[in-house]
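What follows is a short report on a single structure.
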Amino acid sequence: MKNWYILFVQTEKQSQLCFLLEQEGVHAFLPMMEYYRRDRRGLAEKPMFPGYIFVQSELTQKEFDDLLDSMKERRWGFIRQLKEEGGSALTEEEKAFFQWLLDDGGTARMSYGYLNPAGTAVITYGPLIGCERHIRKTDRHNRLVLMDFAFREEPVKLGLTILTMKELKEQELYTEETESKILRNKEKGADKTTEEERVIKVFDEELQEEVEIDIEALIGKMTQL
């Protein structure tokens, strides 16, 4: 079973600290988000939470604390480890959320969609599919959305590109499967999803098997953290 730890560090040293931790045999990464970079007119990546390093390791809390102590002379830029009573600063809901949102490389990829007649975003491709009701604000110009859940009390921002239906189909970002889901949602009522569409599968390290998680229940808990 892998444990999760979070380190708060100086942003200019975060990549170097990740490299040092990897050398010590633990998986350290910066959760990244894909966004539209206007000066390059293309997609780029940047840290979702600058200054926060995520660590996944089989080390216990004490073993991880000892590892950090052994790195005192090399961990330049380290500020502190985030802890809650009993260990990790991440709740089980947050862990599941990040496993769902991030790809294998630790990046939240750009989502794509269109605006319906009411001006509400409908996601057709990407990790935000099925999460429309949790979008608090859409910044179409900068291709970003502000979600109604937070990390460390800061609202989460994610990438969303709004296109026309023609553009989505031309770029294969709107498929027959997507269309059938949208039609089913319309039949069931605006902004509703079927039970099948709400469920995601996440690999449980402790059980060593895939478990099903309801997106609505998961994000509902995230909004209360």
Side-chain angles (χ1 to χ4, degrees), residues 31-50 93-94 96-103 107-202 212-225:
M32 306 292 284
M33 63 169 284
E34 199 169 47
Y35 73 106
Y36 181 74
R37 184 163 171 172
R38 305 196 66 81
D39 59 341
R40 295 184 180 179
R41 297 185 179 181
L43 298 181
E45 294 182 12
K46 64 180 179 181
M48 288 182 67
F49 315 113
E93 287 77 22
E94 286 175 313
F97 168 72
F98 286 115
Q99 288 184 61
W100 158 65
L101 180 67
L102 306 177
D103 65 11
T107 300
R109 296 296 173 186
M110 176 70 73
S111 292
Y112 296 85
Y114 65 93
L115 295 181
N116 63 20
T120 302
V122 178
I123 313 301
T124 63
Y125 188 89
L128 290 179
I129 285 181
C131 299
E132 287 89 347
R133 72 184 68 189
H134 296 287
I135 295 175
R136 180 188 300 176
K137 181 179 179 181
T138 300
D139 183 348
R140 188 173 181 178
H141 179 72
N142 291 308
R143 306 191 185 190
L144 292 170
V145 289
L146 187 69
M147 308 301 290
D148 69 354
F149 47 85
F151 171 75
R152 310 307 297 175
E153 300 182 355
E154 289 293 326
V156 173
K157 291 181 180 179
L158 296 168
L160 172 63
T161 296
I162 298 295
L163 299 173
T164 65
M165 189 67 70
K166 179 181 178 181
E167 290 171 327
L168 289 168
K169 290 181 178 179
E170 288 177 346
Q171 298 179 41
E172 297 184 355
L173 300 171
Y174 185 94
T175 64
E176 291 183 2
E177 181 181 0
T178 303
E179 186 171 11
S180 65
K181 286 183 179 180
I182 293 173
L183 289 174
R184 288 200 301 271
N185 290 345
K186 286 182 178 179
E187 292 173 356
K188 295 175 69 64
D191 201 28
K192 291 189 177 180
T193 55
T194 65
E195 181 177 355
E196 179 182 358
E197 291 158 3
R198 290 199 315 265
V199 172
I200 57 172
K201 291 185 178 181
V202 174
E212 293 186 343
I213 296 177
D214 187 294
I215 295 176
E216 288 298 318
L218 171 60
I219 297 181
K221 292 182 178 180
M222 288 288 294
T223 62
Q224 301 170 21
L225 296 175

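Side chains are part of it too, since the values below use all heavy atoms of this structure and drop only hydrogens, waters and symmetry mates.
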Quick one, Lys137 with Asp139, criterion side chain to side chain contact (heavy atoms under 4.5 Å, CB included). Give me CA distance, side-chain angles, the key distance, then yes/no.
CA-CA 7 Å; Lys137 181 179 179 181; Asp139 183 348; 5.7 Å; no
State, to 0.1 Å, how close Leu102 and Ala108 come at their nearest heavy-atom pair, and which atoms those are.
CD2-N, 3.6 Å
To the nearest 0.5 Å, what is the distance between CG on Leu144 and OG on Ser111?
11.5 Å
Rounded distance [0.5 Å steps], CE in Met110 versus CG in Leu43
5.0 Å
Looking only at non-hydrogen atoms, find the nearest pair between Ala121 and Ile162 and report the distance.
CB-CD1, 4.2 Å
Between Thr161 and Arg143 (side chain of the first, backbone of the second, donor and acceptor by atom type, cut-off under 3.5 Å), is there such a pair?
no
Once rounded to the nearest 0.5 Å, what's the spacing between atom OG1 of Thr124 and atom CG of Leu173?
6.0 Å
Which heavy atom of Leu146 sits nearest a heavy atom of Pro155, and at what distance?
CD1-CB, 3.5 Å
Run the side chain to side chain contact (heavy atoms under 4.5 Å, CB included) check on Ile135 and Met147 step by step: do they pass?
CA-CA 5 Å; Ile135 295 175; Met147 308 301 290; 4.0 Å; yes
Could you tell me whether the side chain of Glu34 and the main chain of Arg109 form a donor-acceptor pair under 3.5 Å?
no
Minimum heavy-atom separation for Trp100 and Cys131, please, with both atom names.
CH2-SG, 3.2 Å
So does Tyr125 have more than 12 non-hydrogen atoms from other groups sitting under 6.0 Å from OH?
no
Contact between Met48 and Leu158 at the side-chain level, heavy atoms closer than 4.5 Å - yes or no?
yes
Take Arg140 and Leu115 through the test side chain to side chain contact (heavy atoms under 4.5 Å, CB included) and record every step on the way to the result.
CA-CA 10 Å; Arg140 188 173 181 178; Leu115 295 181; 3.6 Å; yes
Tell me whether the rings of Tyr114 and Tyr174 are parallel (<30°), tilted (30 to 60°) or perpendicular (>60°).
perpendicular
Rounding to 0.5 Å, atoms OH (Tyr36) and CG (Leu160) come to a distance of 14.5 Å
What's the separation between atom OH in Tyr112 and atom CD in Glu167, rounded to the nearest 0.5 Å?
11.5 Å
Would you sort out whether Arg38 and His141 count as a side chain to side chain contact (heavy atoms under 4.5 Å, CB included), showing the intermediate values?
CA-CA 10 Å; Arg38 305 196 66 81; His141 179 72; 3.6 Å; yes
